[in-house]
Amino acid sequence: MLDPKLLRTDLYEVATQLLRRGFKLDTREFHSLEEQRKELQILTQQLQNERNTQSKGIGRAKSAGEDIKPLLDAVANIGDKLKTAQDKLGLIQQQLRRMLLDVPNLPHQSVPQGESEAQNREERLWGELPQFDFEAADHVDLGTAKGWADFDTAAKISGSRFVVLNGPLARMQRALIQFMLDVHTQQHGYVETYVPFLVNSSSLYGTGQLPKFEEDLFKVDSEPPLYLIPTAEVPLTNILRDEIIDDQDMPRRFVAHTPCFRSEAGSYGQDTRGMIRQHQFEKIEMVQAVRPAESEDVLEQLTAHAEVILQQLGLPYRVVTLCTGDLGFSASKTYDLEVWLPGQGKYREISSCSNFGDFQARRLQARWRNPESGKPELLHTVNGSGLAVGRTLVAVMENYQDKDGNIHIPEVLQPYMGGAEQL
RNA sequence: GGAGAAGUGGCCGAGCGGCUGAAGGCGCUCCCCUGCUAAGGGAGUAUGGGGUUAAUAGCUCCAUCGAGGGUUCGAAUCCCUCCUUCUCCGCCA
């Protein structure tokens with residue numbers, strides 16, 4: 001959520017910046033609601049003040065043994081007036097809140113202008129593209145040929161966009177998870193965290209999935225309703241909700257492996273083949289809560305943490321800065337890591353690292369105590385995948401294949417696979 | 001799932017219709033004393049919001065004692081619903 005004060009003082013500047021990412025803020029509507037809010041809030045508080053003062057007088061008079069009847073008559077109609085004022089105010093505030101919850105974050109000034117991923121800016125390339133003296137197969141053919149990946153059985157059990165992994169490939173997925181967690185905990189200073197996979201709606205409001213993107217989520221029909229997490233970002237970031245963190249405990253760094261569940265509404269026809277876009281996939285997520293002055297640097301560091309995984313696995317990739325039009329709702333700046341997939345002959349997203357500034361923190365009321373002011377202030381959140389495990393599995397299969405359809409195991413993964421060199 | 005108890009400031013804990021935004025303690029910050037590893041004295045110490053303002057400075061008002069409703073001139077205190085925690089029973093990986 002954006003700072004309501006900023007919208008009040010600098011409405012047109014905010015609207016201009018939002019336009020950069022293609023969001024049209026209804027400044028007229030906001031202005032009108034804000035005027036009404038101000039008027040009603042002043043009135044409400046005046047009435048409350050009057051009632052409080054009168055009631056205190058009644059208390060004093062009563063204990064002094066005086067006749068309170070005339071005092072009671074004097075307050076008689078305050079109650080009704082107050083009630084109607086409060087009701088109206090509540091309504092306006094609700095509308096304002098609804099409106100603010102639908103407004104995306106402001107793009108950082110370094111974010112390139114653009115409408116779609118075509119305008120994303122390539123920052124750097126890493127690694128040599130593998131050369132094959134045969135036609136590179138894609139992961140579906142590689143996986144099904146050996147019976148390691150079974151999409152038909154998954155469809156029988158659950159439906160489309162699921163997979164059953166067998167034997168060595170299932171094991172390699174587990175190896176990747178172990179490897180990534182070990183790197184982030186041992187080399188990058190993250191605390192390994194195990195979190196709930198079902199979360200309440202407050203948590204999803206906190207990180208920005210609700211109220212706008214409910215159709216992307218799987219909802220469990222319980223009382224109260226729960227949602228399957230679309231990413232570990234939700235439970236990890238909500239650890240901070242309604243907390244005030246001491247300066248000495250900053251920054252907080254969490255890493256978790258969880259399954260992620262996405263309904264993929266609106267993506268019909270896209271990536272229907274294979275494991276690229278599934279309803280359920282494994283992901284390693286890094287989340288940091290940092291001092292506001294540090295978040296820009298931390299985004300660079302966290303992105304590098306994700307890159308280390310790709311580098312150690314020997315997977316060629318590139319880093320792009322998302323343009324304003326491709327930026328996620330809550331993010332102010334995002335780097336995507338795109339891994340090379342020989343089977344598709346292109347780079348595909350495998351990690352997304354974002355700085356959210358105080359956007360999530362405001363919704364979450366996640367704060368730290370600034371030692372300079374001694375006051376609680378909104379902290380900044382930065383997160384990124386490190387990495388999407390399913391897609392990493394795909395990338396290893398396609399980059400490490402040979403002409404016989406065998407998959408060679410990257411060296412760093414071999415200790416996690418009993419020393420084996422190929423699947 | 002059944003029965004009972006409880007949820008108060010960073011923490012512990014009193015209050016159980018008005019003088020309580022909240023006693024007391026712990027912790028923390030600052031000052032003084034003392035001097036050698038620990039103690040004594042004093043002061044301060046919740047959060048959010050509104051108005052005013054150049055101001056995230058002052059001043060002022062409002063709200064908040066798990067959450068939401070209600071009763072009342074007035075609610076941390078009374079009533080209702082929900083949530084969470086604890087104890088016992090049942091069930092269970």
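Residue numbers start from 1 in every chain, and the chains themselves are labelled A, B, ... in the order their sequence lines are given, proteins ahead of strands.
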Next on the checklist: Using OP1 and OP2 only, check whether a side-chain N or O of N49(A) sits under 4.0 Å from rU60(B).
Outcome noted: no

Next on the checklist: Using OP1 and OP2 only, check whether a side-chain N or O of R369(A) sits under 4.0 Å from rC28(B).
Outcome noted: no

Next on the checklist: Nearest heavy atom decides the nucleotide; on that basis, is E50(A) or E34(A) closer to the 5' end of RNA chain B?
Outcome noted: E34(A)

Checklist entry - With both distances kept under 3.5 Å, what pairs with rU77(B), Watson-Crick or G-U wobble? => result none

Checklist entry - Should rG1(B) form a Watson-Crick or G-U wobble pair with both distances under 3.5 Å, which nucleotide is its partner? => result rC89(B)

Next on the checklist: Restricting to non-hydrogen atoms, name the atom on L40(A) and the atom on T44(A) that form the minimum distance, rounded to 0.1 Å.
Outcome noted: O-OG1, 2.7 Å

Item to check | Any N/O donor-acceptor pair, K62(A) side-chain to rG18(B) base, under 3.5 Å | outcome: yes

Checklist outcome for this item: From CG of L6(A) across to P of rU56(B) the rounded distance in Å is 13 Å

Item to check | Spacing between R37(A) atom CZ and rA63(B) atom P, to the nearest angstrom | outcome: 16 Å

Checklist entry - So which nucleotide does rA6(B) pair with, by the Watson-Crick or G-U wobble rule with both distances under 3.5 Å? => result rU84(B)

Item to check | Base-pairing mate for rC30(B) - Watson-Crick or G-U, with both contacts under 3.5 Å | outcome: rG42(B)

Checklist entry - Taking a pair as Watson-Crick or G-U wobble with both distances under 3.5 Å, which nucleotide is matched to rG35(B)? => result none

Item to check | Identified pairing partner of rG17(B), criterion: Watson-Crick or G-U wobble below 3.5 Å | outcome: none

Checklist entry - Whole Å only: how far is the CZ atom of R363(A) from the C1' atom of rG48(B)? => result 18 Å

Next on the checklist: If I pick the P atom on rG44(B) and the same atom on rC26(B), what distance separates them, to the nearest angstrom?
Outcome noted: 16 Å

Item to check | Backbone of A137(A) reached by a side-chain donor or acceptor of Q401(A) within 3.5 Å | outcome: yes

Checklist entry - For rU56(B), which nucleotide in any strand shown is its Watson-Crick or wobble partner with both distances under 3.5 Å? => result none

Item to check | Electrostatic pair K156(A)-D152(A), nearest N-O below 4.0 angstrom | outcome: no

Next on the checklist: How many whole angstroms separate atom CE of M1(A) from atom C1' of rG48(B)?
Outcome noted: 12 Å

Checklist entry - Would you say a side-chain N or O of N52(A) is under 4.0 Å from OP1 or OP2 of rG74(B)? => result no

Checklist entry - Under 4.0 Å between a Lys/Arg side-chain N and an Asp/Glu carboxylate O for R252(A) and E243(A)? => result no

Checklist outcome for this item: Taken to the nearest whole Å, CD/Q48(A) to P/rG49(B) is 17 Å

Next on the checklist: Could you check whether any side-chain N or O of R262(A) sits under 3.5 Å from a backbone N or O of P230(A), counting only pairs where one atom can act as donor and the other as acceptor?
Outcome noted: yes

Checklist outcome for this item: Between L72(A) and K5(A), the residue closer to the 5' end of RNA chain B by nearest nucleotide is K5(A)

Item to check | Of the listed nucleotides rG49(B), rG51(B), rG70(B), the one nearest the side chain of I42(A) | outcome: rG51(B)

Next on the checklist: Could you tell me the Watson-Crick or G-U partner of rA63(B), where both distances fall under 3.5 Å? Say none if there is no partner.
Outcome noted: rU47(B)

Item to check | Pairwise C1' distance, rG40(B) and rC33(B) [rounded to whole Å] | outcome: 8 Å

Item to check | Gap between atoms CZ and P, on R8(A) and rU53(B) respectively (whole Å) | outcome: 15 Å

Checklist entry - Between R51(A) and rA63(B), does any side-chain N or O lie under 4.0 Å from OP1 or OP2? => result yes

Next on the checklist: Suppose you measure atom C1' in rC12(B) against the same atom in rA22(B); what distance do you get, rounded to whole Å?
Outcome noted: 15 Å

Item to check | Spacing of D358(A) atom CG relative to rU56(B) atom P, expressed in whole Å | outcome: 16 Å

Checklist entry - Should the pair Y190(A) and H188(A) be assigned to parallel (<30°), tilted (30 to 60°) or perpendicular (>60°) ring geometry? => result perpendicular

Checklist entry - Is K38(A) near enough to rU52(B) that one of its side-chain N or O atoms lies under 4.0 angstrom from OP1 or OP2? => result yes

Item to check | rU52(B) to rG41(B) separation - P atoms, rounded to the nearest Å | outcome: 48 Å

Checklist entry - Contact class for P376(A) vs. all strands (heavy atom < 4.0 Å): base, sugar-phosphate, or nothing? => result sugar-phosphate

Next on the checklist: Using a 4.0 Å heavy-atom cut-off, does Q41(A) contact any base of the nucleic acid, only the sugar-phosphate backbone, or nothing at all?
Outcome noted: sugar-phosphate

Next on the checklist: I'd like the P distance from rA43(B) over to rA23(B), given in whole Å.
Outcome noted: 15 Å

Checklist entry - For the pair made of CD in Q365(A) and C1' in rA63(B), what is the distance, rounded to whole Å? => result 15 Å

Checklist entry - Would you call D249(A) and R369(A) a salt bridge, taking side-chain N to carboxylate O under 4.0 Å as the test? => result no

